[in-house]
Amino acid sequence: MLKRIVYGVCGAAIVGLGLFSLYAYNPSIEPITPTVNPDYSSQVIEQGKILAAAGYCSTCHTPPGGSAYAGNYEMHSEFGTIYSSNITPDVETGIGSWSEVAFARAMRTGVSRDGHHLLPAFPYEHFNKMTDDDISAIYAYIMTSVPAVYQVKKENGIPFPLNISALQAGWKLLFADTETFQANAHKSAEWNRGAYLAEGIAHCGACHTPRNALGGEKYAQMYQGAPIDGWIAPSLTSTSTSPIPWRSQDFYEYLTTGNSVYHGSAAGPMAPVMHKGLSALPESDIQAISGYFADLARTNDTDEPQSSSTLHAALAAQHQQPDQRIDEGARLYATACQACHYSSDQLVKGRPLITIGSATHLNDPANLINVILDGVRNDQGISGVVMPGFRDALTDKDISAIAAYLRQAAGENTWPKLQQQVGEIRNQPRFEH
Ligand code: HEC
Ligand code: HEC
Ligand code: HEC
């Protein structure tokens with residue numbers, strides 16, 4: 001079964017229903033008869049196409065092997081299964097009869113045309129940061145260029161009383177960020193462009209910002225790292241555990257090639273963000289996003305990782321030949337991994353130095369375990385470069401021995417209950433990214 005990203009959960013059960021029934025009420029917006037040749041310029045439509053890609057609309061609205069944007073992508077939350085909507089311009093089952101006003105209301109406030117509240121699995125809180133023009137461009141693109149597909153949305157498997165739409169209103173009242181994008185007058189235009197894209201269409205915080213027990217983003221800890229689909233979306237701020245600072249050129253390298261030589265590869269849920277989403281944006285936008293995050297991480301482009309003693313120590317650690325007769329992890333590493341992750345005096349693109357990479361320096365071993373179990377596919381990390389998975393070749397004990405060895409070689413404290421976590425991740429539902 002395919003599963004995927006559920007950004008927000010629908011934990012509004014605690015919220016008193018009666019209290020919100022007034023607030024919860026949203027009128028239905030009259031259906032329209034679609035125009036045969038809507039009057040949008042080709043530039044606007046092209047802009048909408050780029051934004052739809054950057055917002056990963058199709059990733060969530062297209063099930064594997066299904067028609068583009070026709071919905072019924074299955075997402076799992078701890079409260080039940082959620083299916084995305086058909087957002088093709090089909091009049092009966094899609095959004096073909098939606099006016100632009102109805103579309104903009106859904107994108108900004110998570111309210112469907114008929115007035116019912118949508119679950120926060122649809123990241124409307126972020127899309128609300130977009131300008132009217134950008135939302136309008138996405139509407140123009142969908143209405144003119146996406147083929148209409150007749151497909152009825154499956155009902156979400158959220159049990160009563162969580163499925164009561166008004167509870168979503170309570171959730172919104174408590175947790176949703178309803179502010180539109182506020183430019184920071186003390187920062188450059190480029191910084192603000194990066195912030196606008198990251199907070200809005202690219203919704204980086206949907207995965208990288210920690211959430212409270214009911215699925216609301218903790219804005220005070222924006223981008224400080226969070227679990228998603230059995231992975232960790234690491235902190236992108238100064239709280240990053242990466243031993244080498246993330247400078248803007250490192251973010252840029254990672255977000256354009258799928259790998260930063262000092263940090264690692266974009267695998268798991270980050271792979272489509274980079275390959276299917278950001279790749280649609282012009283270079284200048286990726287640069288703006290990179291500069292914005294480098295500022296949040298408080299790094300300077302002039303920081304020199306080459307001369308960093310941490311880097312030298314990590315290269316030396318990779319060179320070390322621990323006594324393989326007594327260290328099982330070292331022995332397994334030498335046989336299973338070292339042929340590719342070979343020792344060298346220099347970093348080689350596409351041959352990640354594991355002792356320096358984020359996977360070994362995060363407080364949670366989930367990403368390292370996921371990569372060892374399932375590898376890095378062709379369409380993940382660096383394009384066309386693969387790492388095989390060891391799911392069938394190595395036992396939980398083997399994998400935890402390798403992970404423990406790498407963690408120690410990286411100079412970090414041991415991860416507790418490592419073998420148990422390998423077992424849990426091995427048996428968790430396989431997410432398809
Ligand atoms: C992380 C997954 C995800 C992403 C990314 C996403 N959506 Fe959705 N969207 C959903 C889900 C799930 C629903 C249905 C929510 C529900 O059933 O309450 C939905 C519902 C909608 C609806 C409401 C449709 C209706 O009939 O009520 C619209 C419109 C929509 N999405 C447009 C978009 C657009 C445009 C983008 C890209 C800019 C996008 N979505 C990106 C998951 C996503
Ligand atoms: C769907 C969830 C998701 C979204 C959306 C997302 N990320 Fe990620 N991100 C992840 C995960 C998971 C990882 C870890 C991937 C790995 O280690 O292979 C990650 C890793 C990263 C890393 C590497 C961090 C490190 O220390 O190794 C950077 C940089 C990053 N993301 C930037 C971004 C930016 C910028 C955006 C928005 C444009 C974004 N991400 C949106 C899930 C996400
Ligand atoms: C056949 C060559 C090969 C083998 C064997 C191999 N790797 Fe890799 N590994 C790679 C390549 C190539 C990448 C970068 C993939 C990309 O970016 O597309 C990688 C990436 C990684 C990453 C970075 C992932 C991230 O999300 O940042 C880690 C960690 C890793 N390997 C660990 C291991 C471990 C541990 C082993 C042994 C169990 C191993 N590798 C065996 C080739 C290999």
Side-chain angles (χ1 to χ4, degrees), residues 4-7 10 51-52 54-61 71 73 75 82-87 94-95 98 103 106-107 110-114 116-119 121-124 127 138-139 142 153 156 168 197-198 201-208 228-229 231-236 240-242 246 250-251 254-255 258-260 263-274 277-278 289-290 293 332-333 336-341 350-352 354 357-362 367-368 370-372 375-378 380-388 390 394 398-399 402-403 406 433:
R4 230 194 84 114
I5 309 161
V6 177
Y7 296 149
C10 35
L51 288 165
Y56 337 116
C57 318
S58 74
T59 314
C60 279
H61 283 274
Y73 194 101
M75 301 165 77
I82 299 168
Y83 296 96
S84 63
S85 314
N86 179 344
I87 58 166
I95 62 168
W98 286 37
F103 181 77
M107 292 291 277
V111 173
S112 188
R113 188 194 60 74
D114 66 7
H116 86 271
H117 286 276
L118 296 159
L119 297 168
F122 166 42
Y124 58 83
F127 296 151
I138 297 175
Y139 178 78
I142 291 176
K153 180 189 191 292
N156 294 332
Q168 291 310 318
L197 293 165
I201 188 69
H203 56 278
C204 314
C207 294
H208 285 272
I228 176 88
D229 283 4
W231 288 71
I232 299 294
S235 170
L236 303 177
S240 166
T241 51
S242 170
W246 276 93
D250 301 316
F251 281 116
Y254 185 92
L255 298 173
N259 169 276
S260 155
H263 304 94
S265 296
M270 188 60 202
V273 169
M274 186 255 136
L278 300 179
I289 293 174
S290 303
F293 280 106
L332 285 164
Y333 177 77
C337 321
Q338 209 162 23
C340 297
H341 295 278
R351 299 275 176 227
I354 310 176
S358 306
T360 38
H361 287 274
L362 286 168
N367 292 3
L368 180 59
N370 274 304
V371 167
I372 300 177
V376 182
R377 287 196 320 250
N378 200 15
Q380 302 176 319
I382 308 168
S383 287
V385 171
V386 296
M387 161 169 160
F390 292 85
L394 298 174
D398 295 339
I399 292 176
I402 295 172
L406 288 169
H433 296 113

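Just so you know, ligand 1 is whichever comes first in the structure, and atom 1 is the first atom listed for that ligand. Residue numbers count from 1 along this sequence.
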Region of [X] that comes within reach of ligand 3 [heavy atoms, distance under 4.0 Å]:
X: Pro388; value: side chain
X: Tyr333; value: neither
X: Val386; value: backbone

Tell me, please: is Ser265 in heavy-atom contact with ligand 2, that is, under 4.0 Å? yes
Residue-ligand contact Ile232/ligand 2, heavy atom below 4.0 Å: yes
Val385 N/O to ligand 3 N/O under 3.5 Å: yes
For [X], the ligand 3 atoms whose distance to one of its heavy atoms is below 4.0 Å:
X: Leu368; value: 29 (C)
X: Gly350; value: 11 (C), 12 (C)
X: Gly264; value: 27 (O)
X: Ala336; value: 5 (C), 37 (C), 41 (C)

Return the set of residues passing side chain to side chain donor-acceptor pair (under 3.5 Å) with Thr360 (not counting sequence neighbours), or none when no residue passes. none
Quick one: side chain to side chain donor-acceptor pair (under 3.5 Å) partners of Asn370, sequence neighbours excluded? none
Within a strict 2.8 Å cut-off of atom 8 (Fe) of ligand 3, protein N/O/S atoms tallied 2
Can you find a non-hydrogen atom of Ala339 under 4.0 Å from ligand 3? no
Return yes when Asn367 approaches ligand 3 closer than 4.0 angstrom through a heavy atom, no otherwise. no
Per-residue contact class, Arg113 against ligand 1 - non-hydrogen pairs under 4.0 Å: neither
Ligand 1 contact on Thr59 by region, counting heavy-atom pairs under 4.0 Å: neither
If you compare Gln380, His208, His361 by their heavy atoms, the one closest to atom 39 (C) of ligand 2 turns out to be His208
Set of side chain to side chain contact (heavy atoms under 4.5 Å, CB included) partners for Ser260, sequence neighbours left out: Trp246, Asp250, Glu253, Tyr254, Tyr262, His263
For ligand 1, is Gln168 a contact, meaning one of its heavy atoms is under 4.0 Å away? no
Purely on distance, is any nitrogen or oxygen of Tyr56 under 3.5 Å from one on ligand 1? no
